[in-house]
Engineer: 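One structure, pasted below without further comment.
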Amino acid sequence: MLWMYYAFLKTDAILLISVNSIGCFIETIYIAIYLAYGSREARNHTAKLLASLNVGFFSVILLFTLLLVKDSNRVLVVGWVCVAISVSVFAAPLSIVFQVVRTRSVEFMPFTLSFFLTMTAIMWFGYGLLLKDLYIALPNILGFLLGVLQMLLYGMYRNAKPVLELEKKQLPDQHMINIVVSGIPDEVHPVDAKMGRNEQTDHNNEKCSVDETSKANGQLHSPGLVVCIAS
């Protein structure tokens, strides 16, 4: 929306108008799908963002530049606002870059997205350079650098084993089962899940004999209930 506003002020910027019109249409579909299928909390958060940024922030910029900025400086002000917004958009994937380095997993950074991000930045940089438009060329330098960085990280970690899988493999393979006998207070009997079948049978027979003895002595006033809790 801001780039379209800049294009209307600049005049003779048909590509900026056409490309960003299609972008607004596609992004609107994305947001509509997210609002349709997201949770109530996610929908409320997204609605607040739409109201504050797409309506409130854009309206403030529009009114400020139309009412308080002179015609000769209007393109300059809107151009720098577009540069700031574009830089923030290109910088947003940095969180994914840090996540890839930390987890050694490229699951959330597909190569095709990074590749076309880089190609788009190159094309728009060339377009801005040919037009001698600093506001178009400048943010795409950062976009190109970040795109190249993402592709390099993808090449480094695409065959690496994620950190989470390594941590799971390093955990001790122990599995305990707690057997709680209802009616006998404060008795919890841990049993190793890897115990041999004969040892488990002997242990269970031993417990059953204890239960029968308790019943015979009148110590158990309610039916015995055995609950196995795996941990």
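Along the sequence shown, residues are numbered consecutively beginning with 1. Owing to the predicted nature of the structure, the values given are computational and were not obtained by experimental measurement.
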Engineer: Hey, quick one: are Leu113 and Leu153 part of the same hydrophobic cluster, counting side-chain heavy atoms closer than 4.5 Å, chains of contacts allowed?
Structural biologist: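 Cluster IDs for Leu113 and Leu153 differ.
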Engineer: Which residues pass the ring-ring contact (aromatic ring centres under 6.0 Å, His included) test with Tyr34, sequence neighbours left out?
Structural biologist: none
Engineer: With sequence neighbours excluded, what pairs up with Ile22 under the side-chain contact (heavy atoms from CB on, under 4.5 Å) test?
Structural biologist: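 Per chain and number, Ile22 pairs via side-chain contact (heavy atoms from CB on, under 4.5 Å) with Ile26.
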Engineer: Please, which pairs that meet side-chain hydrogen bond (donor to acceptor under 3.5 Å, both in side chains) have at least one residue in residues 11-29, sequence neighbours excluded?
Structural biologist: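 Applying side-chain hydrogen bond (donor to acceptor under 3.5 Å, both in side chains) to every pair that reaches into residues 11-29, excluding sequence neighbours, yields nothing.
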Engineer: Find the distance between CZ (Phe115) and OG1 (Thr118) and round it off to the nearest 0.5 Å.
Structural biologist: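 Interatomic distance, Phe115 CZ to Thr118 OG1, rounded to 0.5 Å: 8.0 Å.
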Engineer: Which residues satisfy the side-chain contact (heavy atoms from CB on, under 4.5 Å) test with Ile14, sequence neighbours excluded?
Structural biologist: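 For Ile14 there are no side-chain contact (heavy atoms from CB on, under 4.5 Å) partners, ignoring immediate neighbours.
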Engineer: May I ask whether Leu62 and Leu16 are part of the same hydrophobic cluster, defined by side-chain heavy atoms of I, L, V, M, F, W, Y residues being less than 4.5 angstrom apart, directly or through others?
Structural biologist: yes
Engineer: So which atom in Met4 and which in Ile17 form the shortest heavy-atom distance, rounded to 0.1 Å?
Structural biologist: CG-O, 4.3 Å
Engineer: Would you be so kind as to tabulate the donor-acceptor pairs closer than 3.5 Å made by side chains of residues 134-150, with sequence neighbours excluded?
Structural biologist:
residue, atom, partner, partner atom, Å
Asn140, ND2, Ile136, O, 2.6
Gln150, OE1, Ser114, OG, 2.8

Engineer: Considering residues at least two apart in sequence or located in another chain, which fulfil the ring-ring contact (aromatic ring centres under 6.0 Å, His included) criterion with Tyr157?
Structural biologist: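 Checked Tyr157 against ring-ring contact (aromatic ring centres under 6.0 Å, His included); zero matches.
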Engineer: What residues join Ile31 in its hydrophobic cluster, counting side-chain heavy atom gaps under 4.5 Å, either direct or through other members?
Structural biologist: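 Members besides Ile31, by chain and number: Leu35, Leu50.
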Engineer: Quick check for you: to the nearest 0.5 Å, what is the distance between Tyr6 atom OH and Ile85 atom CD1?
Structural biologist: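 Those atoms lie 15.0 Å apart.
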Engineer: Taking salt bridge (Lys or Arg N to Asp or Glu O under 4.0 Å) as the test, write out the residues that go with Asp71, two or more places apart.
Structural biologist: Arg74
Engineer: Nearest 0.5 Å, what's the OG1-CG distance between Thr65 and Leu63?
Structural biologist: 8.0 Å
Engineer: For Met1 and Asn54, which heavy atoms make the closest approach, and how far apart are they?
Structural biologist: CE-O, 3.6 Å
Engineer: Taking the side chain as every heavy atom from C-beta outward, state whether Leu117 and Phe90 have any pair of such atoms under 4.5 Å apart.
Structural biologist: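 Contact flag for Leu117/Phe90 side chains = yes.
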Engineer: Working to the nearest 0.5 Å, report the span between CG of Asn159 and OH of Tyr154.
Structural biologist: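 Atom-to-atom, Asn159:CG and Tyr154:OH are 8.5 Å apart.
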Engineer: Got a sec, which residues hit side-chain hydrogen bond (donor to acceptor under 3.5 Å, both in side chains) with Ser86, two or more places apart in sequence or on another chain?
Structural biologist: Trp3
Engineer: Are Met156 and Val101 grouped together when hydrophobic residues (ILVMFWY) are joined by side-chain heavy atoms under 4.5 angstrom apart?
Structural biologist: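 Hydrophobic grouping puts Met156 with Val101.
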Engineer: Are more than 12 heavy atoms, taken from residues, nucleotides or ligands other than Phe58, located less than 6.0 Å from that residue's CZ atom?
Structural biologist: yes
Engineer: Going by the rule side-chain contact (heavy atoms from CB on, under 4.5 Å), which residues pair with Arg40 if we only count those two or more places apart in sequence or in a different chain?
Structural biologist: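 Arg40 satisfies side-chain contact (heavy atoms from CB on, under 4.5 Å) with Arg43, Asn44 only.
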Engineer: Which residues satisfy the ring-ring contact (aromatic ring centres under 6.0 Å, His included) test with Tyr5, sequence neighbours excluded?
Structural biologist: none
Engineer: What about Phe8 and Tyr127, same hydrophobic cluster or not, with Ile/Leu/Val/Met/Phe/Trp/Tyr joined at side-chain heavy-atom distances under 4.5 Å?
Structural biologist: no
Engineer: With a 4.5 Å cut-off on side-chain heavy atoms, are Val81 and Phe64 touching?
Structural biologist: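 In short, these two side chains do not touch, never coming nearer than 4.5 Å.
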Engineer: Of all heavy-atom pairs between Leu2 and Val78, which one has the smallest distance, and what is that distance?
Structural biologist: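 It is O-CG1, 4.3 Å.
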Engineer: Name all residues meeting the side-chain contact (heavy atoms from CB on, under 4.5 Å) criterion together with Ser105; count only those two or more places apart in sequence or in a different chain, and write none if there are none.
Structural biologist: Thr103, Glu107, Pro162
Engineer: Does any part of the side chain of Leu49, heavy atoms only, come nearer than 4.5 Å to the side chain of His45, both counted from C-beta?
Structural biologist: yes
